[in-house]
Amino acid sequence: EWIVAKDPAILYARNHAEAQPLHVACGNGQLALARWLLNMGAKLESGDAKGLRSLHRACQGGHLETAKVLVVEGASVEACADNGVWPLHSACLYGHLEVAQFLVQAGAPLDVLTKQHRLTPLDCARRRGHTELVAWLAEGAPMRAHVRSVSSHSVRLTPLCVSSLGSGQARRVRGRRCQASAARAR
């Protein structure tokens, strides 16, 4: 504490990847350190060189308790990195089912697309072979969460519907349900 008291800027020091101490603590699941850094004034929503925030890093590492603390402290489950990756994408890429379930319960949308490859969280889990997570997202998650529209119009699509559409189709959906892919899923 005396180091931070002497030089508070140390909380915002960055390493070679532009990560701050809170990013590193959360990415390594160091919950006590993360809490301490937050209590000392570390910025919750600051991003690293790629725009990843502390919540992204906790989700990548599968650190559920750390993710919970960050959300309670005000971290947004809708924080978007520079490449369009949301915390739910991070959890799905690395196969962390419990973290994904928590994020969805906390309000993370299931139908958001990454910028570069236009992937949903379901696509991320499927590409990495996380079958249990894929099954939950495709079958269980739609009943437990509100799925936002992929357009500016109000339309409700399940993650499976959005995932089954090509990236161009997902952007063009306007006011219709994805009944064909829902029927194929049964």
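Hydrophobic clustering, defined by side-chain heavy atoms of Ile, Leu, Val, Met, Phe, Trp and Tyr closer than 4.5 Å, groups Leu93 together with Tyr94.
Residues Ala91 and Ala100 approach most closely at CB-N, 4.0 Å, considering heavy atoms. Minimum interatomic distance between Ala58 and Ala67 (heavy atoms only, all atoms of both residues): CB-N, 4.1 Å. Scanning both residues, Cys59 and Ser90, for their nearest heavy atoms gives CB-CB, 4.0 Å. Annotation for Val134 and Ala125: closest pair CG2-C, 3.6 Å, computed over non-hydrogen atoms.
The cluster map of Ile, Leu, Val, Met, Phe, Trp and Tyr, joined by side-chain heavy atoms under 4.5 Å apart, puts Leu37 and Val71 in the same cluster. Under a hydrophobic clustering in which Ile, Leu, Val, Met, Phe, Trp and Tyr are joined whenever their side-chain heavy atoms come within less than 4.5 Å, directly or via other members, Val112 and Val85 fall into different clusters.
By the neighbour-count criterion of 12 heavy atoms within 6.0 Å, atom CD of Glu45 is densely surrounded, having more than that number from other residues, nucleotides or ligands.
To the nearest 0.5 Å, atom CG of residue Leu97 and atom CG of residue Leu133 are 5.5 Å apart. Atoms CD and SG, on Gln20 and Cys26 in that order, are 11.0 Å from each other to the nearest 0.5 Å. Atom CD of Glu132 sits about 11.0 Å away from atom CG of Leu137, to the nearest 0.5 Å. Here the straight-line distance linking atom CG of Leu38 with atom CE of Met40 works out to 11.5 Å at 0.5 Å rounding. Rounding to the nearest 0.5 Å gives a distance of 7.0 Å between CD of Gln116 and CG of Asn83. Once rounded to the nearest 0.5 Å, the distance linking CG of Leu110 with CH2 of Trp86 reads 11.0 Å.
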* Asked: Yes or no on side-chain contact (heavy atoms from CB on, under 4.5 Å) for Val72 and Val69, after CA distance, side-chain angles and deciding distance?
  -> CA-CA 5 Å; Val72 166; Val69 166; 5.7 Å; no
* To do: Could you please spell out the steps behind the side-chain contact (heavy atoms from CB on, under 4.5 Å) verdict for Leu119 and Arg127?
  => CA-CA 10 Å; Leu119 301 175; Arg127 283 185 171 203; 3.7 Å; yes
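Counting heavy atoms from C-beta on, the side chains of Leu70 and Leu44 come closer than 4.5 Å. Looking at Val77 and Leu88, their side chains never come closer than 4.5 Å, going by heavy atoms from C-beta outward.
Checking side-chain atoms of His96 against main-chain N and O of Gln60 turns up a donor-acceptor pair under 3.5 Å. Without hydrogens or angle criteria, His89 side chain to Cys124 main chain gives no donor-acceptor distance under 3.5 Å. Listed for the His56 side chain is no donor-acceptor partner under 3.5 Å among the backbone atoms of His23. Counting only distance, with no hydrogens or angles, the side chain of Arg57 and the backbone of Leu22 share no donor-acceptor pair below 3.5 Å. In terms of modelled atom types and a separation under 3.5 Å, the side chain of Asp123 and the main chain of Thr120 share a donor-acceptor contact. A donor-acceptor contact shorter than 3.5 Å is absent between the side chain of Arg128 and the backbone of Arg126.
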